[in-house]
Amino acid sequence: MKRKIFVAELIQNAFPHAEINAGILTILDRYFYTYEKYIIADSRHVKAITSIQPLADWEKLPIQVTGFQAKYLLYLDLVMCMRVVRAYFNLQSQDVLVILGILPLSHIVLTFLNKIGRKHIFVCLHGEMEALLPRTKIGLTRYYYRFTQFLFKISSGLTYLILGESVYANIKFLFGKETKYLIIDQPYLWSSEQVVSNNEVENKGEVIKLGIVGRFNNSKNVKECFKFIRGIKPLIEAGKIEIYIIGKVDIHIEEDIRELLAFYSSSPLSPEDFMAYIQKQNFILSFTDRSYYRATPSGVFFDCIKYSKPIFGLKNDYLCHYYNKYGAFGYLYDDVSEMINALQQNQIQCRRDFDSTYELLRSRTSVSAMCNIMASKFDEIGLAPDPLKEY
């Protein structure tokens, strides 16, 4: 009987995580190319993934997902439990199940099922791990996650997929001696059509354009963001700096801040408008400091590489790991006061060439690079003795 691999995305129902999942599915497609391949996911999420990477060889098993909202967390988890159990008992001994995101009750069920059954299960860890850290920005839902943190010390045969060395460094205290895990950089399918050198940006009159990319909500550390904007008010009013919010604004912005913005929108931007505004920027702003991105990858980091835009922002563990390992891809500071001072003292260079670092980072976080790392782990388990498919 032909072996099978099932990949289940039981949390997302639209575009969030589509880029991550497209990268992971591409790796799995390459390694398990002799397997029958199935994806269990909401049809809207599958559509988002296929807009990035075709899934021609994958059979779609559609489900309906409500989407991740804190108020529906228990309901979503109970539904996930039923789907995890169903998927688990459909597995034969040599089949593989990859869960692209797990919730607490489902994690309990899967752990104890596999402690008995010992099947090939991989669980991808995401931002929920922030809730398990001693100091966290996660709200009340952290208590829901924390009552299951003992599971990571149980020898259940589950293999955890951790997206980044800095993430592992911050969560390794949760693991026992027999915990199985695989550390890779978040895999990304880099599109050459989207790459624009920062040196191509027009900088008429030496106006520095600073962009905040993505949905603008409290996850952007808006308190520090507003402090920064107020701190450079004289430079904005003098026409030396322009601030853009390139994404839908989901929170209230006080009038004194709105007056200082060159652009913001309360509605989602079209892909064409989004790209047009991105390409105008000299820098991408980041206000997520060391209390953020300790156990989850940074979206602004991948925006920086994807659009060839250097970061101008605060230090956090995730950014500093890549900055120290591969070289500068922008300017990072300990606090907002340092950022303000750097602009006031003309310490940043709009045309400084970071392209070599972008190229290196694209290479190291590419799907091809991650294939080799994951293949070695799969080989150890003995899942697929066939050679890697060449492209």
Side-chain angles (χ1 to χ4, degrees), residues 1-11 17 20-41 49 55 57-61 63 80-126 128-129 148 151-163 168 174-184 186-187 367 370-389:
M1 181 180 294
K2 198 169 186 179
R3 291 173 291 183
K4 300 175 182 178
I5 178 170
F6 296 86
V7 178
E9 173 53 85
L10 307 177
I11 299 176
H17 286 196
I20 302 172
N21 291 343
I24 293 173
L25 283 163
T26 303
I27 292 172
L28 297 175
D29 183 67
R30 179 179 176 184
Y31 193 85
F32 295 102
Y33 70 97
T34 60
Y35 281 48
E36 291 181 5
K37 297 183 284 291
Y38 300 86
I39 178 168
I40 307 167
I49 293 173
L55 299 175
D57 295 333
W58 291 79
E59 183 173 337
K60 287 77 173 177
L61 303 177
I63 57 174
M80 180 185 282
C81 281
M82 293 185 289
R83 288 169 172 166
V84 163
V85 170
R86 187 182 302 123
Y88 188 85
F89 284 109
N90 280 333
L91 294 178
Q92 300 300 314
S93 61
Q94 288 302 307
D95 292 344
V96 178
L97 174 62
V98 180
I99 307 287
L100 294 175
I102 196 79
L103 293 175
L105 292 179
S106 305
H107 193 182
I108 292 173
V109 170
L110 190 61
T111 297
F112 287 100
L113 279 177
N114 209 50
K115 189 169 180 62
I116 299 169
R118 294 288 169 167
K119 296 181 181 180
H120 300 305
I121 314 289
F122 294 82
V123 178
C124 187
L125 302 179
H126 285 292
E128 70 276 2
M129 301 305 293
T148 62
L151 295 172
F152 293 101
K153 294 188 184 296
I154 295 176
S155 175
S156 64
L158 299 180
T159 300
Y160 296 104
L161 183 60
I162 302 170
L163 301 176
Y168 170 71
L174 295 167
F175 297 156
K177 291 182 179 180
E178 296 184 15
T179 305
K180 297 195 294 184
Y181 54 86
L182 171 58
I183 307 168
I184 63 168
Q186 179 178 305
V367 163
M370 294 306 105
C371 272
N372 294 328
I373 295 173
M374 291 187 73
S376 63
K377 183 68 174 181
F378 292 148
D379 286 344
E380 290 176 13
I381 299 172
L383 291 176
D386 310 290
L388 285 181
K389 186 176 181 181

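- Atom OH of residue Y35 and atom CZ of residue R3 lie 3.5 Å apart, to the nearest 0.5 angstrom.
- Heavy atoms only, all atoms of each residue included: S155 and E178 are closest at OG-OE1, 3.1 Å.
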May I have the step-by-step check of side chain to side chain contact (heavy atoms under 4.5 Å, CB included) for L105 and L103, ending in yes or no?
CA-CA 6 Å; L105 292 179; L103 293 175; over 6 Å; no
Can T111 and T148 be said to form a side chain to side chain contact (heavy atoms under 4.5 Å, CB included), step by step?
CA-CA 11 Å; T111 297; T148 62; over 6 Å; no
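- Contact detail for P187 and I27: the closest heavy-atom pair is CB-CD1, 3.7 Å.
- Residues that satisfy the ring pair (Phe, Tyr, Trp, His ring centres under 6.0 Å) test with Y38, not counting sequence neighbours, are F6.
- With sequence neighbours left out, K119 forms a salt bridge (Lys or Arg N to Asp or Glu O under 4.0 Å) with no residue at all.
- For K60, the side-chain contact (heavy atoms from CB on, under 4.5 Å) test picks out I39, V46, L55, with sequence neighbours left out.
- With L161 as the partner, the side-chain contact (heavy atoms from CB on, under 4.5 Å) test is satisfied by one option alone out of V123, L100, I184, L125: I184.
- Residue D57 holds its CG atom at 5.5 Å from CG of D29, rounded to the nearest 0.5 Å.
- Residues passing the side-chain contact (heavy atoms from CB on, under 4.5 Å) test with R86, sequence neighbours excluded: R83, N90.
- Once rounded to the nearest 0.5 Å, the distance linking CG of L182 with OG1 of T159 reads 8.0 Å.
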Pair I154, L151 - check side chain to side chain contact (heavy atoms under 4.5 Å, CB included), show working.
CA-CA 5 Å; I154 295 176; L151 295 172; 4.1 Å; yes
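- Contacts of Y168 classified as ring pair (Phe, Tyr, Trp, His ring centres under 6.0 Å), with partners at least two apart in sequence or in another chain: Y181.
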I would like to know whether I20 and H126 meet side chain to side chain contact (heavy atoms under 4.5 Å, CB included); could you show each step before the answer?
CA-CA 10 Å; I20 302 172; H126 285 292; 4.2 Å; yes
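- Going from atom CD1 of I102 over to atom CE of M80 covers 5.5 Å, rounded to the nearest 0.5 Å.
- Legend: residues meeting side-chain contact (heavy atoms from CB on, under 4.5 Å) with V109, ordered by chain and number and at least two apart, are C81, V85, L113.
- R30 approaches C371 most closely through the heavy-atom pair CD-SG, 3.5 Å.
- Proximity of Q94 to H120: side-chain heavy atoms (C-beta onward) are separated by under 4.5 Å at one or more points.
- To the nearest 0.5 Å, atoms CD1 (I63) and CD (E9) are separated by 8.5 Å.
- A tilted orientation is assigned to the rings of F152 and F175, their planes being inclined by 30° to 60°.
- Residues I99 and Y88 have side chains not in contact (no heavy-atom distance under 4.5 Å, counting atoms from C-beta outward).
- Using a 4.5 Å heavy-atom cutoff, the side chains of V98 and C124 are not in contact.
- Separation of atoms NZ (K153) and NZ (K177) is listed at 10.5 Å; rounding is to 0.5 Å.
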